[in-house]
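Report on one structure; see the data block that follows.
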Amino acid sequence: MAYVQHVLDKLGRQYPGDQEFLQAIREVLPTLRPVLDARYEKCRILERMVEPERVIAFRVDWVDDKGEVQVNRGFRVQFNSALGPYKGGLRFHPSVNMGLLKFLGFEQIFKNSLTGLAIGGGKGGADFDPKGKSDMEVMRFCQAFMSELHRHIGATIDVPAGDIGVGGREIGYMYGQYKHLTKLYEGVLTGKNLLFGGSLARTEATGYGLVYFADDMLKDRGQGLEGKICTVSGSGNVAIYCCEKLWQLGARPVTVSDSQGMIHDPDGIKVDVLKQVKEVERARLTRYAELVPGAKHIPVAQYPAGRNAVWSIPCFAAFPCATQNELNHEDAKELIKNGCACIAEGANMPSTLEAVDAILEAKLAYGPAKAANAGGVATSQLEMAQNASMQHWSFEQVDGQLKRIMANIYNNAATTAKEFKQPGNLVLGANIAGFRKVAEAMIAQGIC
Ligand code: NDP
């Protein structure tokens, strides 16, 4: 369709350096062709949807433990508020730049729409690396970051959460600074400590939701996870709770990884040891291999060139939970060759476009990130609801709602895929289902 091509060409010219953003757009826009009628084109809905409502970039000055001044770059992309306040995580990682956050913010619009909850799309972060920093350095950075960000957010305006490099500790420091500057004790951030407005089951939500989604997909095909070997990449928040839920459903996760290497533990990843290493000691995965006899650590230097060694371990289901583009075409082909039946994405856009094509062609049960990892943001919205009503719900209440939301997302994506004569194609189903709601809300709210 000429309209889609026109928008893709224009964006390619406008943002040639924003590779991840262009990749995300190239994945989504072509799948929307069946719904893009003359009304949408007249309203310029695609041009409006790919352009953030607002981007904020700012300098973050802070002082390290040696008394030296450090300067970082902070960002918030307020992408789309048609369905509710901007909602999306903050990422602290040296690779953060505006293009990366635009990709994440764009994905977030569709993901948040799919949850069925009243949340718009946004994303933010900084090129700050919390690794190797002392607690006090992390605190000073978070305070400096919030000293600017607080002007742009609020409980009904924009509600950030965590992402890579931003966990409970960082959210706590940022929340303290927001309160200090504004005098407001409100649900402006999610992923908070239970002592000051956090929700039970938020920590677990993305990983648990991911496995619920995979289970729903597999049940629809008459399959299940029980007794099955699974591979997981990453070893952060999403990966840890993905492993935990896999065990609970009777599956056996045998790998985890980080940016320096992977662990292969054929007996199954010991989640208590993993939590001790990553959440308590904040150590590297080599420590896991020291603590667990029989577990093997394979450093990145020993991976085959251009490959992620996690995906060469034979498995029934694979769960990429580390970062974008961590599963390429060769990885996908090897997974398929080794009999993998299911890939569910915990990380955002972990598979390259070529990998996605290969996975769809092989007709695997494939849960694309914007559907499969939406449990985190959905539970963040449940945290917002608890904050607004000054209530605390039980773990079972929140987990029960998470499970229902993931089932609804799966059904919505699967039904939409069937409606457009591509049963099983949850990429198309999730994109169209997410898009329609946002597009209709934008049109109903007029041009402003
Ligand atoms: P964490 O910071 O808790 O963990 C990230 C993990 O991924 C770490 O093990 C990290 O290893 C690894 N990783 C990061 N960058 C790379 C890289 N370039 N190569 C290899 N490994 C890497 O983050 P989360 O678990 O929160 O997030 C993981 C993914 O899930 C991200 O894509 C995020 O956007 C997505 N996500 C997270 C949600 C949440 O609720 N937290 C919600 C929805 C999606 P190392 O320590 O060596 O850097």
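Each ligand, and each atom within it, is numbered from 1 in the order the structure gives.
- In this structure, the ring of F196 has its center less than 6.0 angstrom from the ring center of Y175.
- The shortest contact between atom 37 (C) of ligand 1 and any protein heavy atom is with V238 CG2, 3.4 Å.
- Among protein heavy atoms, the minimum distance from atom 20 (C) of ligand 1 is reached at S259 CA, 3.5 Å.
- Taking a 4.0 Å cut-off on heavy atoms, M349 fails to register as neighbouring ligand 1.
- Scanning the protein heavy atoms around atom 32 (O) of ligand 1, the nearest turns out to be N348 N, 3.2 Å.
- In this structure, of A369, A322, G234, G162, the residue bringing a heavy atom nearest to atom 31 (C) of ligand 1 is A322.
- Ligand-side atoms of ligand 1 in range of C321: 28 (C), 29 (C), range being under 4.0 angstrom from any heavy atom.
- If you look at K131 next to ligand 1, the close heavy atoms, those under 4.0 Å, all belong to the side chain.
- Protein heavy atom in closest approach to atom 33 (C) of ligand 1: D163 OD1, 3.1 Å.
- In terms of protein heavy-atom proximity, atom 3 (O) of ligand 1 is nearest to N237 N, 2.9 Å.
- Taking distance alone, with nitrogen or oxygen atoms compared against 3.5 Å, Q260 stays at or beyond that limit from ligand 1.
- For ligand 1, the polar-atom distance check finds an N/O of S235 within less than 3.5 Å of one of the ligand's N/O atoms.
- Within ligand 1, counting atoms from 1 as listed, the ones closer than 4.0 Å to a heavy atom of R91 are 31 (C), 32 (O), 33 (C), 34 (O).
- The distance from ligand 1 to the heavy atoms of G236 drops below 4.0 Å at these ligand atoms: 1 (P), 3 (O), 4 (O), 6 (C), 9 (O), 25 (O).
- Those atoms of ligand 1 with a heavy atom of G165 less than 4.0 angstrom away are 2 (O).
- Taking the six-membered ring for Trp and thresholds of 30 and 60 degrees, F21 and F106 have ring planes more than 60 degrees apart, a perpendicular arrangement.
- For ligand 1, the polar-atom distance check finds no N/O of Q324 at less than 3.5 Å from any of the ligand's N/O atoms.
- Applying the salt bridge (charged side-chain N to carboxylate O under 4.0 Å, His left out) definition to pairs two or more places apart or across chains, none involves residues 344-355.
- Contacts between T206 and ligand 1, counted as non-hydrogen atom pairs separated by less than 4.0 Å, involve the side chain only.
- Q177 places no side-chain N or O within 3.5 Å of a backbone atom of M174 that could act as its donor or acceptor partner.
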Taking distance alone, no hydrogens or angles, what donor-acceptor pairs closer than 3.5 Å link side-chain atoms of residues 88-95 to residues at least two apart or in another chain?
{"unit_1": "R91", "atom_1": "NE", "unit_2": "D163", "atom_2": "OD2", "d": "2.5"}
{"unit_1": "R91", "atom_1": "NH1", "unit_2": "Q324", "atom_2": "OE1", "d": "3.1"}
{"unit_1": "R91", "atom_1": "NH2", "unit_2": "D163", "atom_2": "OD2", "d": "3.1"}
{"unit_1": "H93", "atom_1": "ND1", "unit_2": "S95", "atom_2": "N", "d": "3.2"}
{"unit_1": "H93", "atom_1": "ND1", "unit_2": "S95", "atom_2": "OG", "d": "2.8"}

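- For ligand 1, the atoms sitting less than 4.0 Å from at least one non-hydrogen atom of N373 are 43 (C), 44 (C), numbered in the order shown with element in parentheses.
- Neither the backbone nor the side chain of E326 comes within contact range of ligand 1; no heavy atom lies under 4.0 Å.
- The pair K370-E107 meets the salt-bridge criterion, since a charged nitrogen lies less than 4.0 angstrom from a carboxylate oxygen.
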> Please walk me through it: do L8 and L29 pass side-chain contact (heavy atoms from CB on, under 4.5 Å)?
Replying inline: CA-CA 8 Å; L8 289 175; L29 264 47; 3.9 Å; yes
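- Between W62 and F145, the ring center distance fails the sub-6.0 Å criterion.
- In this structure, A239 does not count as a contact residue of ligand 1, since none of its heavy atoms falls inside 4.0 Å of the ligand.
- When only modelled atom types and interatomic distance are considered, S235 and D258 share no side-chain donor-acceptor pair under 3.5 Å.
- Taking 4.5 Å as the limit, some side-chain heavy atom of Y212 sits within range of a side-chain heavy atom of L402.
- Close contacts of ligand 1 with R202, meaning ligand atoms under 4.0 Å from a residue heavy atom, involve 40 (O).
- The nearest protein atom to atom 18 (N) of ligand 1, hydrogens excluded, is given as T323 CG2, 3.6 Å; this is a heavy-atom distance.
- Looking only at heavy atoms of the protein, atom 5 (C) of ligand 1 is closest to I164 CG1, 4.2 Å.
- A donor-acceptor contact shorter than 3.5 Å links the side chain of E326 to the backbone of T323.
- Taking the side chain as every heavy atom from C-beta outward, Q381 and V159 never approach each other to under 4.5 Å.
- The pair R59-D61 meets the salt-bridge criterion, since a charged nitrogen lies less than 4.0 angstrom from a carboxylate oxygen.
- Heavy-atom proximity to S257, at under 4.0 Å, picks out these atoms of ligand 1: 9 (O).
- Checked by atom type and distance alone, the side chain of E68 never pairs as donor or acceptor with a backbone atom of D65 at under 3.5 Å.
- Near A347, the atoms of ligand 1 lying under 4.0 angstrom from a non-hydrogen atom of the residue are 29 (C), 30 (O), 32 (O), 35 (C).
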